[in-house]
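The structure appears below as structure tokens.
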Amino acid sequence: MSNILKQENKASLGKSQSPRLKELDEKFKQNGGTWKEFKIGDKFERVAFKKLAYKKSDLPENATQEYDLPALTCARENQGLSCYVPRNEATILKNVISVAANGDAPAFYQSQEFTILQDAYAIRFKDKELNSSQYLFLTTLLQKVLTQFNWSNKSGWERVKKEKILLPIDKQENIAFDYMESYIAELEAERVKELEAYLKATGFENFILIQNEMFALQSFEKLSNPPKNQKALNKDSDFIGGGGIKLSA
């Protein structure tokens, strides 16, 4: 299925908001919703973890019976999870955002268990426990902020937490988490429709999609956790909401 998607005409996808997404944004604005800047350190906190003594070069790239916990480094592929470590003595994290400390790799939402090996850290929302849709939305907004960092201007937490992030808020000035969930749900539904239309046009209309293949349609696929040992797919860009935030692949 991934090979079929790679042959798709990328120029036709993700270049502007669909009518339904525009309608969602208009309804958000009509109900008093808007966008507001917040200091990242006021809304997110760094997650403490125990530093491991392993060297990446000594660790397996595929899971084994003993080395079965994905470990995070400063990498662009596979959610930044580039090797495996034993679970004993490791700080096991889940449902957080990982950030590359060197500033030359994206932030990722990590939905599955992992730990941190080197050149990276994890952050979470301060005020409440968030679900995957909310974190996917926030990861994209955070990634826009992180684009200013690079190898010579590293994205350590002490720097990142001082930056500002644009977030959607309701008329009571609360973070609009319902809007985030609705937006992600709409994007996912649109991608399923796009795949169905593509399969029909290419003679695969009777093809049965399994769950992982439906996930491949999500514009946030690069931010969500793929199955073990599977590389994350690159996706096209979309625009999030009235804040004009671009979802980068």
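Quantities reported herein were computed from a predicted structural model and do not represent experimental measurements. Residues: numbered from 1 along the sequence shown. These numbers come from the heavy atoms of this one structure, side chains and all, not from hydrogens, waters or symmetry mates.
- Side-chain N or O atoms of Gln134 include one that pairs as donor or acceptor with a backbone N or O of Asn131 at under 3.5 Å.
- Taking NZ of Lys43 as the reference point, atom CG of Leu142 lies at 15.0 Å (rounded to 0.5 Å).
- Inspection of the Ser111 and Ser132 side chains reveals no N or O donor paired with an N or O acceptor under 3.5 Å.
- Contact record, Tyr135 with Thr139: O-OG1, 2.6 Å, taken as the closest heavy-atom pair.
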Result block: side-chain N/O donor-acceptor pairs under 3.5 angstrom for residues 121-129, not counting sequence neighbours:
from	atom 1	to	atom 2	distance (Å)
Tyr121	OH	Ser155	O	2.7
Tyr121	OH	Trp157	N	3.4
Arg124	NE	Glu45	OE2	3.0
Lys126	NZ	Gly41	O	2.9
Glu129	OE2	Asn95	ND2	3.0

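- Side-chain contact between Met180 and Leu130: absent, with no pair of heavy atoms (C-beta onward) separated by less than 4.5 Å.
- For Thr73 (side chain) and Gln118 (main-chain N/O), no donor-acceptor pair under 3.5 Å exists by modelled atom type.
- Note that CZ of Phe49 is 7.5 Å distant from OG1 of Thr115, once rounded to the nearest 0.5 Å.
- Counting heavy atoms from C-beta outward, Phe44 and Ile97 have side chains that approach closer than 4.5 Å.
- Taking each heavy atom of Lys154 and Phe149 in turn, the nearest pair found is O-CD2, 3.6 Å.
- Smallest separation of non-hydrogen atoms from Gln143 and Ala107: OE1-N, 2.6 Å.
- Going from atom OH of Tyr109 over to atom OG1 of Thr140 covers 12.5 Å, rounded to the nearest 0.5 Å.
- Residue Cys74 comes nearest to Ala100 through the heavy atom pair SG-CB, 3.7 Å, listed as atom of the first residue, atom of the second, then distance.
- With a 4.5 Å cut-off on side-chain heavy atoms, Leu187 and Tyr183 count as touching.
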Evaluate Ile116 against Leu93 for side chain to side chain contact (heavy atoms under 4.5 Å, CB included), listing each step before the verdict. CA-CA 8 Å; Ile116 298 171; Leu93 305 174; 3.8 Å; yes
May I have the list of side-chain donor-acceptor pairs in residues 163-177 shorter than 3.5 Å, sequence neighbours left out?
from	atom 1	to	atom 2	distance (Å)
Glu163	OE1	Gln148	NE2	3.3
Asp170	OD1	Gln172	N	2.9
Asp170	OD1	Glu173	N	3.1
Asp170	OD1	Asn174	N	2.9
Glu173	OE1	Lys36	NZ	3.3

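- Using a 4.5 Å heavy-atom cutoff, the side chains of Pro70 and Gln112 are not in contact.
- Here the CG-CD distance, from Leu24 to Glu26, works out to 10.0 Å after rounding to the nearest 0.5 Å.
- Judged purely by atom type and a 3.5 angstrom limit, Asn31 uses its side chain to pair as donor or acceptor with the backbone of Lys27.
- Nearest heavy-atom pair, Ser98 versus Gln110, reported as atom, atom and distance to 0.1 Å: OG-NE2, 3.0 Å.
- Contact annotation: the side chain of Leu59 approaches that of Leu117 to within less than 4.5 Å [non-hydrogen atoms, C-beta and beyond].
- With rounding to the nearest 0.5 Å, the separation of CD in Gln65 from CG in Asp68 is 9.0 Å.
- Residue Glu89 places its CD atom among 12 or fewer non-hydrogen atoms of other residues, nucleotides or ligands, all under 6.0 Å distant.
- Residues satisfying the side chain to side chain contact (heavy atoms under 4.5 Å, CB included) criterion with Asp178, sequence neighbours excluded, are Glu181.
- Not one N or O on the side chain of Gln79 forms a donor-acceptor pair closer than 3.5 Å with the backbone of Phe108.
- Note that SG of Cys83 and CG of Leu69 are 10.0 Å apart. Values are rounded to the nearest 0.5 Å.
- Looking only at atom types and distance, the side chain of Asn62 has no donor-acceptor partner in the side chain of Tyr67 under 3.5 Å away.
- Between Lys162 and Glu158, the shortest heavy-atom contact is CE-O, 3.3 Å.
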